[in-house]
Amino acid sequence: MAAQQKLVKSIDDFSGTSFDVPLGARSSFRCGGIASCVYSPKNIQDLVAFRRWNSEPETFLGGLSNILIRSGGIDGVVIRLKNICQCNISEQSIFGGGMRNVDACKMVASAGYSGMEFLIGIPGTIGGAIAMNAGAHNAEVADILAWIEVMDETGTITRIDRKDINMKYRDGGLESDYLVTQACFNLRPSTQDKVAMKHAEVLCERAAKMNFGKNVGSAGSAFKNPSKEESDGRRAWELIDAAGCRGLTRGGAIMSDKHANFLLNTGNATPDDIEALGEEVRQRVFEATGVLLEWEIRIIGNKVKAE
Ligand SMILES: Cc1cc2nc3c(=O)[nH]c(=O)nc-3n(C[C@H](O)[C@H](O)[C@H](O)COP(=O)(O)OP(=O)(O)OC[C@H]3O[C@@H](n4cnc5c(N)ncnc54)[C@H](O)[C@@H]3O)c2cc1C
């Protein structure tokens, strides 16, 4: 509430600020709490001024495709880079942090460059893809990244080379106050047709695997695959199967019958249903296999609405 009063006072200085935004309902899980304040800066200069001025806690969100927002919502300010989506396409393509992966991939394809095809079916934005080191089809963002520009809490922007970022499996290795404003990817010349064909192949494969039905929410894989040493090479879905959790339900949430590592909102799940079902799966998998699964989905916000 304090954040809201302070921001309302200065709303003229920071256009692009909205209050009580139902972000949970807009997330790919299709449920979750409200954000007390969302700021979508017009440009980088405004963002610098905002971060210098703001003293409330900040949360960064992109396409809302890898998060579960608890029912109590998010306090402080959510920063989204929806308007920061400039690009410059070449063998070293540069994208604004708020650009959607699908748009970036299509532009790269039209210009006849290859290397980003694995991202075409991954929902979300370039910033989110870097924060998560998103990947599929045996490739991940870390493989093609040249550098990123990040803004820290003081509004200072720094360029960091890929070799200086500790990227791991589904973990971009960013400091908690680093907001990714730009990223540069190493690509190679190809032809529009070849890249378009690869896109069609990737999208077709994903459509067959991830067709969960209309109005069903998810955030992709619920848990990371454990290391080979930890799990004897078994992937998260195999451990979930071994623990008998495929199809397990709680309220409106279910561990998908089709893809055992996908937690789904079948229509009326609450964030509590989803989180509790995920925790039950972790517990059951641990008891059955000795492996403690790590969440891939990032769970944020308050359990109960703060007074
Ligand atoms: C149907 C479906 C399929 C999916 N398939 C895949 C898949 O194949 N492979 C895969 O890896 N993922 C997959 N995902 C998960 C998700 O799409 C990716 O993790 C994606 O990269 C998240 O991007 P986002 O912009 O939506 O980030 P959000 O969900 O908005 O945020 C995720 C994290 O990124 C951080 N973040 C977002 N933007 C920034 C920024 N600019 N600077 C710093 N941090 C930022 C947030 O703080 C948060 O911690 C899937 C999700 C769905 C719903």
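Read the numbers this way: they start at 1 and go in the same order the structure lists the ligands and their atoms. Residue indices begin at 1 and follow the sequence shown.
Note: no N/O pair closer than 3.5 Å links Leu81 and ligand 1 by distance alone. Checked by distance only, ligand 1 and Phe60 come closer than 3.5 Å through their nitrogen or oxygen atoms. Checked against a 3.5 angstrom limit, the closest N/O atoms of Asn101 and ligand 1 fall outside it. For the pair Val180 and ligand 1, the shortest N or O to N or O distance falls below 3.5 Å. Considering backbone and side-chain N/O of Arg206, one or more are found under 3.5 Å from N/O of ligand 1. Close N/O approach between Thr125 and ligand 1 is found [any backbone or side-chain N/O within under 3.5 Å].
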Exercise for the section: Go through Arg51 and Glu153 one step at a time and tell me if the salt bridge (Lys or Arg N to Asp or Glu O under 4.0 Å) criterion holds. Expected result: CA-CA 6 Å; Arg51 292 202 78 188; Glu153 61 189 347; 5.8 Å; no

Handout entry: Steps toward salt bridge (Lys or Arg N to Asp or Glu O under 4.0 Å) verdict (Asp273, Arg250)
Key = CA-CA 6 Å; Asp273 292 337; Arg250 178 169 305 211; over 6 Å; no

Practice task
Evaluate side chain to side chain donor-acceptor pair (under 3.5 Å) for Asp272 paired with Thr270, printing each intermediate quantity in order.
Solution key: CA-CA 5 Å; Asp272 280 0; Thr270 63; 5.2 Å; no

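Residue contact annotation: Glu140 has no non-hydrogen atom under 4.0 Å from ligand 1. For Arg80, the closest heavy-atom approach to ligand 1 does not fall below 4.0 Å.
Among Val202, Leu64, Ile297, the residue whose heavy atom lies closest to atom 28 (P) of ligand 1 is Leu64. Across the listed options Gly135, Gly62, Pro123, Gly172, Gly135 owns the non-hydrogen atom lying nearest to atom 9 (N) of ligand 1. Of all the listed residues (Ala129, Gly220, Gly121, Gly127), Gly220 holds the heavy atom that lies closest to atom 51 (C) of ligand 1.
Residue Ala136 has at least one heavy-atom neighbour below 4.0 Å for each of these atoms of ligand 1: 8 (O). Every atom of ligand 1 is numbered from 1 in the order shown, and the set under 4.0 Å from a heavy atom of Arg298 is 49 (O). Below 4.0 Å from some heavy atom of Met132 lie the following atoms of ligand 1, by number and element: 19 (O), 33 (C). Residue Ser28 approaches ligand 1 through these ligand atoms, each under 4.0 Å from one of its heavy atoms: 53 (C). Within the listing of ligand 1, atoms 43 (C) sit less than 4.0 angstrom from a heavy atom of Tyr178. Of all atoms in ligand 1, numbered sequentially from 1 with element shown, those under 4.0 Å from a heavy atom of Gly124 are 23 (O), 24 (P), 25 (O), 26 (O).
One hydrophobic cluster holds both Met99 and Met116 under the rule that ILVMFWY side chains link at heavy-atom gaps under 4.5 Å. Both Phe95 and Val180 belong to a common hydrophobic cluster when Ile, Leu, Val, Met, Phe, Trp and Tyr are linked at side-chain heavy-atom distances under 4.5 angstrom.
Nearest heavy atoms, Asn211 versus Lys258: O-NZ, 3.2 Å. Ala183 approaches Leu145 most closely through the heavy-atom pair CB-CD1, 4.2 Å. The shortest non-hydrogen separation linking Val285 to Val291 is CG1-O, 3.5 Å. Between Ser40 and Asn83, the shortest heavy-atom contact is O-ND2, 3.5 Å. The two atoms that bring His199 and Lys106 nearest to each other are CE1-N, 4.5 Å, heavy atoms only.
Ranking the protein heavy atoms by distance from atom 12 (N) of ligand 1 puts Ile122 CG2, 3.8 Å first. The nearest protein atom to atom 31 (O) of ligand 1, hydrogens excluded, is given as Ile67 CG2, 4.0 Å; this is a heavy-atom distance. What sits closest to atom 1 (C) of ligand 1 on the protein, heavy atoms only, is Ser218 OG, 3.9 Å. Closest to atom 36 (N) of ligand 1, if we only count protein heavy atoms, is Ala131 CB, 3.8 Å. Scanning all protein heavy atoms for the shortest distance to atom 24 (P) of ligand 1 gives Gly63 N, 3.4 Å. Here the protein heavy atom with the shortest distance to atom 23 (O) of ligand 1 is Gly128 CA, 3.5 Å. Ranking protein heavy atoms by distance to atom 29 (O) of ligand 1, first place goes to Asn66 N, 2.8 Å.
When the options Lys224, Arg282, Arg170 are evaluated for a salt bridge (Lys or Arg N to Asp or Glu O under 4.0 Å) with Glu296, the one that passes is Arg170.
Here the side chain of Tyr169 pairs a donor or acceptor atom with the backbone of Asn225 at under 3.5 angstrom. Looking at Ser218, its side chain never comes within 3.5 Å of a backbone N or O of Leu264 through a donor-acceptor pair. With hydrogens and angles disregarded, no donor-acceptor distance shorter than 3.5 Å links the side chain of Asp161 to the backbone of Lys163. Judged purely by atom type and a 3.5 angstrom limit, Ser221 has no side-chain atom pairing as donor or acceptor with the backbone of Phe223. In this structure a side-chain-to-backbone donor-acceptor pair under 3.5 Å is missing from Thr181 to Gly96.
Neither the backbone nor the side chain of Ser27 has a heavy atom within less than 4.0 Å of ligand 1. Using a 4.0 Å cut-off between heavy atoms, Ser65 contacts ligand 1 through both its backbone and its side chain. Residue contacts with ligand 1 for Ala134 involve both N, CA, C or O and side-chain atoms from C-beta outward (heavy atoms, distance under 4.0 Å).
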